[in-house]
Amino acid sequence: MEQYIGKTTLQKMAIGKIFYYEKKLVEVKRKEITDIDREWKRFDDARAEAGQQLQALYEKAVKEVGEAEASIFEVHLMMLQDEDYEEGIRNIITNQGLCAEYAVEVTGDNFSNMFRAMDDEYMKARATDVKDISNRIVSILCGNQKEMHPFEEPVILVADDLAPSDTVQLDKQNLLGLVTRYGSSNSHTAILAKTMNIPLLIDVDISKEWNNRLAIINGYEGTLVIDPEEDVRKEAEEKLKQDVLKQELLQNMKGKETITQSGKKINLYANIGDVSDLDEVQKNDAEGIGLFRSEFIYLKSSGLPTEQEQFLAYKTVAQAMGEKKVIIRTLDIGADKQVDYLNLPGEENPALGYRAIRICLTQKEIFKTQLRAILRASAYGNISIMIPMIISLAEVREVKQVIEEVKEELRNEAIEYKDVEFGVMIETPAAVMISEELAKEVDFFSIGTNDLTQYTLAIDRQNPKLDNYYNPYHEAVLRMIQMTIENGHKAGIWVGICGELGADLKLTETFIKMGVDELSVSPSCVLPIRDKVRAITE
Ligand code: PEP
Ligand code: MG
């Protein structure tokens, strides 16, 4: 039996076999070959395997997000069989006598550059697709599986590091827990794991040798045990049963109002990152969605998601929630959330860099596509729009103008939409300090305490070395929250908290005393908070 200590992000147990996940980078070499037939067959077999992977991905996506969103995999399947693409690869293998991986990579690059240079927006977008399928074939030829297959049994996944884009693609059904060497407790990977209600241990000296061995994550103590002895395993199983029991006891909170003893009603919403999180939202009886981190749609995609793909995702969530509020946060990409296809240059200080609304207001076509999708979906439920990373009144006014332009376009096309509520996230000290003026421009504020803590304390939330300095209980952060609530109320708008601090039971009473109107938290935190609020006498 071996025991390791790590940083825990969720008080929960997990017991299961380890799945060691290794992300390999593929380096393609220009190798000469002699047996041309054999090389062609290598390519052909790899293409067939890529086809099977894409078919499986297509079927998974149809089930999880619907046919229209899944259609991107159909496009990839068609591209695999494209005659010109095949011809390009054949030329390099047969005429130049070079290996299949090199032929696929070069042909993929050539096609991708050709598509990128076209005027037609649709064809331009195909550049990323052809690169994606080429990468998939190269990866198979090199013996690497970049793709995350569904797990065959429930597992604890162990990895060096997990980017948010890796995490969002994990097979949630069979994921018991996560253990990583790198990462920070305040990162989006940690937040996603919490949203999925999966314990995560960070900063563990992991080993490849652990693959397939039995392990226990103790999310209460922040420990990982490999090959537990009988009594340790039994004790962990007992704790796991208590977790389940605690969850069952909270079931009696379902259907009840989130109201204090003295009658103060709190709107208790859930944070989601994906349509598939709806299950947890409903299981935990959230009263709405207070933060839909829409950028995860972009992170899951191999190219910019189309208006139709986004529309279907937003519509699915809006319809599932019925009359309940669904607050869609517009694209908050950048910093730790990166996608290759936007070709954003590396930055010295990504957290202070080109992210979120700064991207949307400089690349308006991307922003307008998203706004069109959100407004179209608004006809199917109770949607609100929320803007991240605001620092000035000018930004808010510019966003409102873009929304008006998009509405006008929709009216001209006779496309239905509703007049949605419009709010901003208060997650920079600048926004707090001008909240009195901002409040006059919007319908609501939602305080993003994760970034507000980062920017107020000048602590990079991604830097694991600074985890101990990242103190959301700092008086400066709490006063900023208080000030935002007061200024919001002065202008007659409601104010909520959607950062992780909103789920901190130690602060629920403080927030209620401050006058908070809404708390939006990971789905699994909804019922414990309702329980807490109902016990408050204030
Ligand atoms: C926040 O900053 O508190 C927030 C809710 O947004 P995110 O964590 O996605 O940056
Ligand atoms: Mg934020």
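As the structure lists them, so they are numbered: ligands from 1, and atoms in each ligand from 1.
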Please identify which atoms of ligand 1 are closer than 4.0 Å to at least one heavy atom of [X].
| X | value |
| --- | --- |
| Asp451 | 1 (C), 2 (O), 3 (O), 10 (O) |
| Met425 | 4 (C), 5 (C), 6 (O) |
| Arg461 | 2 (O), 7 (P), 8 (O), 10 (O) |
| Leu291 | 5 (C) |
| Ile191 | 8 (O) |
| Gly499 | 3 (O), 5 (C) |

query: Touching ligand 1 at all, Met386? Heavy atoms, strictly under 4.0 Å?
result: no
Can you tell if the side chain of [X] reaches within under 4.5 Å of the side chain of [Y], non-hydrogen atoms only?
| X | Y | result |
| --- | --- | --- |
| Leu162 | Tyr21 | yes |
| Tyr298 | Leu342 | no |
| Met13 | Ile217 | no |

field: Test of proximity, Glu427 against ligand 1: N or O pairs below 3.5 Å
entry: yes
- request: Kindly check if the number of other-residue, nucleotide or ligand heavy atoms within 6.0 Å of CG (Leu249) is above 12?
  value: yes
Taking [atom] as the reference point, the nearest protein heavy atom with its distance:
| atom | answer |
| --- | --- |
| atom 6 (O) of ligand 1 | Arg329 NH1, 3.2 Å |
| atom 7 (P) of ligand 1 | His188 NE2, 3.2 Å |
| atom 5 (C) of ligand 1 | Arg293 NH2, 3.5 Å |

Quick one: do [X] and [Y] make a salt bridge, cutoff under 4.0 Å?
| X | Y | result |
| --- | --- | --- |
| Asp517 | Lys264 | yes |
| Glu257 | Lys265 | no |
| Lys368 | Glu365 | no |

task: Verify, without hydrogens or angle tests, whether Asp203 (side chain) and Gly6 (backbone) share a donor-acceptor contact under 3.5 angstrom.
output: no
- prompt: Short question: side chain of Lys12, backbone of Asn197 - any donor-acceptor pair under 3.5 Å?
  reply: yes
message: Any N/O/S atom from Glu427 (main chain or side chain) under 2.8 Å of the Mg ion (ligand 2)?
response: yes
message: With carbon and hydrogen excluded and only N/O/S kept, which atom of Asp451 is nearest the Mg ion (ligand 2)?
response: OD2
